[in-house]
Amino acid sequence: MLVLEAADSVGGGTRSAELTRPGYLHDVCSAIHPLVAGSPFLRELPLERHGLKLIHPPAPLAHPLDDGSAVLLERSVEATAAGLGRDANAYRDLMTPLASTADDLIGDALRPLSVPRHPLTMARFGLSALRSATGLARGRFDGERAPALFAGAAAHSMLPLEKPATAAFGLVLALLGHAVGWPLPRGGSERIADALVSHLTELGGEIESSHAVSSIDELPPGRATLLDLTPRQVLRIAGPRLPAAYRRQLEGYRYGPGVCKVDWALDAPIPWRAGECARAGTVHLGGTLAEIAASEREAWAGVHPERPFVILAQHSLFDSSRAPEGKHTGWAYCHVPAGSDADVSERIEGQVERFAPGFRERVLDRSVMTARAVEAYNPNYVGGDINGGTQDLRQLFTRPVPRLVPYSTPARGLYICSSSTPPGGGVHGMCGYLAARTALRREWGIRAPA
Ligand SMILES: Cc1cc2nc3c(=O)[nH]c(=O)nc-3n(C[C@H](O)[C@H](O)[C@H](O)COP(=O)(O)OP(=O)(O)OC[C@H]3O[C@@H](n4cnc5c(N)ncnc54)[C@H](O)[C@@H]3O)c2cc1C
């Protein structure tokens, strides 16, 4: 097996670098990894033996509010419910049945649409998951705390929260928090790629970096080619091999908003007004459900939100390898219109300052990537879209095109294995795993055990 990588190091979305100052290690793209911990595929690989150590902060997620308190997603449903005031029972009723079948649910959710392996569990999940995040939150909860927590998790969809099935993102991320946590790799997210490379090499695989493929005709002969690319790049590289009807379908593939990202070298930890935020690896900054929903609607509609919903990670509180002794790092991004070249770090910092007065005084240095720079760093993030394409109901399961086996193409031996295939964005390895199983079955007649 040969892996060809355009960049000078492999890893794609899982690479780390000293973006601000020597000694400060930042995750260039992905930073928090519930999907590594929950992936049925990655869980089977001996990644720990190859050096991957996942660190679990005491709480997966904190969500500060303007009254100076914070809502926490805790590892247990019960402890989370205890922080939700009058919505405690409603949260317990929603999450307890899902958490008790978490393994089955996560396994089914991270696969293409087909007959679920656990139909009853999936049917119960589907009733809530197919709703919009705002519809589910307003229907289930009375207070402000639970809807805010739920909206923050659902906003990872990069969709307006009024859209059908956005509740699925909130439910799956909360469920992952309860079932497997939201861990971070010691030494940076690149440790995930390092462990995979080490395992692949041990199995006899080869990797060639700094090798950009511009046409499929350049590739050495092989029975199967798997493209870790989104439809726009597939068209560019393999278009002439594909029939016109399939090409037209790929041309219709839709991409979503982008992200603008900031990394900070910090003189001290972020001074949260709600001290319990320091227990969490991830902090969501955006206040109420109404405010988060407005921010997501704006980015979707091509407007830069004045008060953007910000996803922040504070690795160095839990992993001392990320910064010099006594110093810290911060990682954050918000959603912006597709292809935006605007540096909105001021607005991102405004949101941090709102919940952590004095934050700006602790910034030693910052590094900013606009949505356009995110795409320049990795062409798979078209327009800065980090999910490999819109994940709305129409395109979530039928990505990249409606097809019984979405990883296959009409060209013999040619497969797509990027996040533009099910189950979509995130570091879980399931797109590649399911594409590889398809190729093994079709090209070699091998049916790998499930
Ligand atoms: C700012 C940011 C924050 C994120 N946060 C998280 C997070 O916290 N948790 C999480 O799970 N996910 C997160 N993600 C998303 C995650 O990184 C992606 O969903 C995931 O990496 C997609 O995997 P992939 O294999 O489809 O593509 P990639 O990981 O992008 O890999 C594609 C690879 O193909 C290479 N390539 C492209 N074109 C060519 C070519 N022509 N020839 C040769 N090689 C080529 C690229 O260089 C790249 O290495 C984040 C992404 C970003 C940008």
Side-chain angles (χ1 to χ4, degrees), residues 2-16 19 26-39 42 60-61 110 156 158 172-173 176 182-185 188-190 192-193 196-197 207-216 218-219 225-238 256 258-263 281-282 310-313 315 331-336 367-371 373-389 391 399-400 416-433 435:
L2 174 64
V3 177
L4 298 177
E5 165 59 53
D8 57 9
S9 63
V10 290
T14 54
R15 283 181 281 174
S16 310
L19 296 175
H26 305 279
D27 287 338
V28 184
C29 300
S30 76
I32 299 291
H33 292 97
L35 291 165
V36 169
S39 162
L42 295 181
L61 168 68
L110 291 180
H156 285 253
M158 300 180 79
V172 168
L173 282 173
L176 283 163
W182 288 21
L184 48 110
S189 72
E190 72 179 13
I192 299 168
L196 286 167
V197 167
I207 297 174
E208 231 178 88
S209 46
S210 303
H211 186 141
V213 177
S214 51
S215 161
I216 195 150
E218 296 166 10
L219 298 179
T225 302
L226 279 72
L227 301 177
D228 186 4
L229 302 172
T230 82
R232 197 169 294 175
Q233 301 143 287
V234 171
L235 282 165
R236 198 157 53 229
I237 284 169
V259 302
C260 177
K261 174 175 180 262
V262 199
D263 288 281
T282 306
V310 172
I311 297 169
L312 180 147
H315 298 94
W331 169 110
Y333 70 85
C334 72
H335 300 149
V336 292
S367 153
V368 180
M369 281 170 97
T370 64
V374 168
E375 180 174 4
Y377 175 75
N378 180 345
N380 277 40
Y381 301 133
V382 175
D385 177 351
I386 67 175
N387 282 332
Q391 302 201 130
R399 54 206 287 124
I416 303 177
C417 67
S418 70
S419 60
S420 303
T421 61
V427 178
H428 42 63
M430 290 301 288
C431 306
Y433 168 70

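Whatever order the structure lists them in is the order used to number ligands and atoms, beginning at 1. Position 1 is the first residue of the sequence, and the numbers go up from there.
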N/O of [X] under 3.5 Å from N/O of ligand 1, yes or no?
{"X": "Ser419", "value": "yes"}
{"X": "Leu35", "value": "no"}
{"X": "Val374", "value": "no"}
{"X": "Gly13", "value": "yes"}
{"X": "Ser418", "value": "no"}
{"X": "Ala31", "value": "yes"}
{"X": "Arg15", "value": "no"}
{"X": "Tyr333", "value": "no"}

Quick check: closest heavy atoms across [X] and [Y], and the distance to 0.1 Å?
{"X": "Gly388", "Y": "Ser420", "value": "O-OG, 2.7 Å"}
{"X": "Gly425", "Y": "His428", "value": "O-NE2, 3.4 Å"}
{"X": "Arg399", "Y": "Gly389", "value": "NH2-O, 3.2 Å"}
{"X": "Ser419", "Y": "Cys431", "value": "CA-SG, 3.9 Å"}

To which of [options] does the heavy atom nearest [atom] belong?
{"atom": "atom 20 (C) of ligand 1", "options": "Gly432, Ser30, Gly426", "value": "Gly426"}
{"atom": "atom 32 (C) of ligand 1", "options": "Val213, Asp27, Asn380, Thr230", "value": "Asn380"}
{"atom": "atom 52 (C) of ligand 1", "options": "Thr282, Ile386, Ile416", "value": "Ile386"}
{"atom": "atom 24 (P) of ligand 1", "options": "Asp228, Leu184, Thr421", "value": "Asp228"}

Who's the nearest protein heavy-atom neighbour of [atom], and how far?
{"atom": "atom 44 (N) of ligand 1", "value": "Ala6 N, 3.0 Å"}
{"atom": "atom 30 (O) of ligand 1", "value": "Asn378 ND2, 2.7 Å"}
{"atom": "atom 39 (C) of ligand 1", "value": "Leu229 CD2, 3.8 Å"}
{"atom": "atom 11 (O) of ligand 1", "value": "Val427 N, 2.8 Å"}
{"atom": "atom 1 (C) of ligand 1", "value": "Lys261 CD, 3.6 Å"}
{"atom": "atom 17 (O) of ligand 1", "value": "Tyr381 OH, 3.0 Å"}
{"atom": "atom 3 (C) of ligand 1", "value": "Cys29 O, 3.3 Å"}
{"atom": "atom 33 (C) of ligand 1", "value": "Glu5 OE1, 3.7 Å"}

**Message:** For Ser30, is there any backbone N or O sitting under 3.5 Å from a side-chain donor or acceptor partner on Ser189?
**Reply:** yes
Quick one: are [X] and [Y] in side-chain contact, heavy atoms under 4.5 Å?
{"X": "Ser209", "Y": "Asp8", "value": "no"}
{"X": "Ser39", "Y": "Tyr433", "value": "no"}
{"X": "Leu2", "Y": "Leu219", "value": "no"}
{"X": "Leu312", "Y": "Thr282", "value": "no"}
{"X": "Cys29", "Y": "Asn378", "value": "no"}

**Message:** Please determine whether side chain to side chain donor-acceptor pair (under 3.5 Å) holds for the pair Ser16 and Asp27, giving the CA-CA distance in whole Å, both sets of side-chain angles, and the decisive distance to 0.1 Å.
**Reply:** CA-CA 4 Å; Ser16 310; Asp27 287 338; 2.8 Å; yes
**Request:** Using a distance threshold of 4.0 Å (strictly less than), state whether atom 47 (O) of ligand 1 has a protein heavy-atom neighbour.
**Result:** yes
**Message:** Using heavy atoms and a 4.0 Å limit, tell me yes or no: is His428 in contact with ligand 1?
**Reply:** no
**Asked** How would you list, by chain and number, every residue that makes a ring-ring contact (aromatic ring centres under 6.0 Å, His included) with Tyr381, sequence neighbours excluded?
**Response** none
**Prompt:** What class does the angle between the rings of Tyr333 and Trp331 fall in, given that below 30° is parallel, 30 to 60° is tilted and above 60° is perpendicular?
**Reply:** perpendicular
